[in-house]
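All ligand and atom numbering here is 1-based and tracks the order in the structure.
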Amino acid sequence: MSDDALIVLENVNKWFGPLHVLDDVNLSVARGEVVVVIGPSGSGKSTLCRAINRLEPINSGTITFDGRPLPAEGRALARLRSEVGMVFQSFNLFAHKTILQNVMIGPVKVRREKSVEVHDRAMALLERVGIANQADKYPAQLSGGQQQRVAIARALAMQPKALLFDEPTSALDPEMVGEVLDVMTSLARDGMTMVVVTHEMGFARHAANRVVFMADGQLVEEAPPAEFFASPKSDRAKDFLSKILTH
Ligand SMILES: Nc1ncnc2c1ncn2[C@@H]1O[C@H](COP(=O)(O)OP(=O)(O)O)[C@@H](O)[C@H]1O
Ligand SMILES: [Mg+2]
């Protein structure tokens, strides 16, 4: 195991009743690494993400983040959640708060940081995701792509050590997918540690260091993207790729 590992899952198992949704999963994500997780619907990708910031407890095995086992509760858990940002398919912005307030609320309410300091950081982040000029609008006034970029800025405002993305572009109209992937690609280039569940194979090819293929709760194979797409080893990965790459 590399000393530089930020996220480490060892022999992780998770059941929902009789359903074995994470089946002896071993995965190590290095600092600055971008791991794209792909696989059929129901294979456990979302559960994997949720387990990493402990939105889902696991039944056995261990997960460590930055050298420490995931805390179960209390302030340590709150700190973990602020260190592991999460971006979901549904943007989950507060509808009655402005874009700027949405980005500021975590640092101000959870971290008790001073508003003046958070304000400048939030504006810089909105600049970075290309929507500083929308800061005083409300989420409903923005397009889906813009709202998802706000959600990314909001996650970054907590200054996380890693970001998890669970199908961040799946709810978007096609013309808005690119603007969100561009922001994610820029974060990847800047060295953010990222675990990204996505069906965007272009992003996987160009931005990922590694592609992980899941099926039936198992991590079936993993490889650098060029190798994975050129010569998937398992029949399940071959079958999955033939289905998604032919239409
Ligand atoms: N809270 C839950 N209770 C029971 N079953 C669940 C729950 N969440 C997910 N599942 C089931 O666990 C399996 C894996 O789900 P999920 O991690 O969402 O897969 P994916 O994100 O790859 O589509 C699916 O069969 C799903 O129906
Ligand atoms: Mg999912």
Side-chain angles (χ1 to χ4, degrees), residues 7-29 34-63 65 70 72-73 77 80-81 84-93 144-145 147-148 151-152 155 162-174 176-177 180-181 184 194-204 207-208 210-223 225 228-229 232-245 247:
I7 305 168
V8 181
L9 290 85
E10 287 176 301
N11 308 113
V12 169
N13 286 283
K14 164 93 186 163
W15 282 267
F16 284 120
L19 196 62
H20 203 172
V21 282
L22 294 178
D23 184 351
D24 205 33
V25 169
N26 290 282
L27 176 68
S28 176
V29 181
V34 177
V35 173
V36 163
V37 181
I38 66 173
S41 178
S43 56
K45 306 180 299 296
S46 292
T47 306
L48 178 76
C49 282
R50 292 167 60 80
I52 293 172
N53 71 354
R54 220 175 185 286
L55 289 170
E56 290 288 355
I58 57 175
N59 295 109
S60 68
T62 56
I63 304 178
F65 183 79
L70 295 194
E73 58 189 17
L77 179 58
L80 171 82
R81 296 259 167 82
V84 187
M86 187 133 182
V87 175
F88 301 91
Q89 179 174 330
S90 54
F91 331 119
N92 298 329
L93 300 175
Q147 289 187 58
Q148 192 60 301
I152 294 171
L163 282 181
L164 313 177
F165 294 83
D166 191 2
E167 301 202 29
T169 60
S170 296
L172 299 176
D173 291 334
M176 293 168 190
V177 169
V180 172
L181 294 178
M184 292 167 59
M194 296 164 57
V195 175
V196 183
V197 177
T198 186
H199 300 296
E200 295 294 333
M201 295 302 127
F203 177 82
R210 195 154 41 119
V211 173
V212 163
F213 175 73
M214 283 187 77
D216 298 331
Q218 294 174 351
L219 206 153
V220 176
E221 67 179 274
E222 54 179 306
F228 178 78
F229 290 114
K233 291 183 183 61
S234 65
D235 287 340
R236 283 190 290 189
K238 285 178 194 163
D239 180 54
F240 179 76
L241 286 178
S242 74
K243 282 177 182 143
I244 61 165
L245 297 177
H247 62 83

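- Side-chain contact between Val197 and Gln89 is absent, with no heavy-atom pair separated by less than 4.5 Å.
- The aromatic rings of His20 and Trp15 sit parallel to each other, their planes meeting at less than 30°, with 60° as the upper class boundary.
- Here the side chain of Arg81 pairs no donor or acceptor atom with the backbone of Met86 at under 3.5 angstrom.
- Side-chain atoms of Glu221 never come within 3.5 Å of backbone atoms of Ala237 as a donor-acceptor pair (strictly under, hydrogens ignored).
- Residue Ser43 has at least one heavy-atom neighbour below 4.0 Å for each of these atoms of ligand 1: 19 (O), 20 (P), 22 (O).
- Of the possible donor and acceptor atoms, none in the side chain of Gln148 sits under 3.5 Å from a partner among the backbone N and O of Val180.
- With hydrogens left out, the protein atom closest to atom 18 (O) of ligand 1 is Ser46 CB, 3.6 Å, a heavy atom.
- Among the backbone and side-chain atoms of Ser46, an N, O or S atom lies under 2.8 Å from the Mg ion (ligand 2).
- The presence of a protein heavy atom under 4.0 Å from atom 25 (O) of ligand 1 is confirmed.
- Nearest protein heavy-atom contact of atom 15 (O) of ligand 1 is Thr47 OG1, 3.9 Å.
- Not a single heavy atom of Gly39 sits closer than 4.0 Å to an atom of ligand 1.
- The single protein non-hydrogen atom nearest to atom 1 (N) of ligand 1 is Phe16 CE2, 3.6 Å, given as residue, atom name and distance.
- Within ligand 1, the atoms closer than 4.0 Å to a non-hydrogen atom of Pro40 are 22 (O), numbered from 1 in the order shown.
- Of the N or O atoms in Lys45, one or more lie within a sub-3.5 Å distance of an N or O in ligand 1.
- Here the shortest heavy-atom pairing between Ala155 and Val87 reads CB-CG2, 4.2 Å.
- At the top of the distance list for atom 19 (O) of ligand 1, counting protein heavy atoms only, stands Gly44 N, 3.2 Å.
- Residue Leu19 places no N or O, backbone or side chain, under 3.5 Å from any N or O of ligand 1.
- Interface of Ser41 with ligand 1, defined as ligand atoms under 4.0 Å from a residue heavy atom, comprises 23 (O).
- The main-chain N or O of Asn11 is found under 3.5 Å from a side-chain atom of Asn26 such that the two form a donor-acceptor pair.
- By the 4.5 Å heavy-atom criterion applied to side chains, Arg236 and Gln218 are counted as neighbours.
- Contacts between Val21 and ligand 1 below 4.0 angstrom, taking non-hydrogen atoms only, involve the side chain exclusively.
- Of the protein's non-hydrogen atoms, the one nearest atom 20 (P) of ligand 1 is Gly42 N, 3.5 Å.
- No donor-acceptor distance shorter than 3.5 angstrom exists from the side chain of Lys45 to the backbone of Ile38, with no hydrogens or angles considered.
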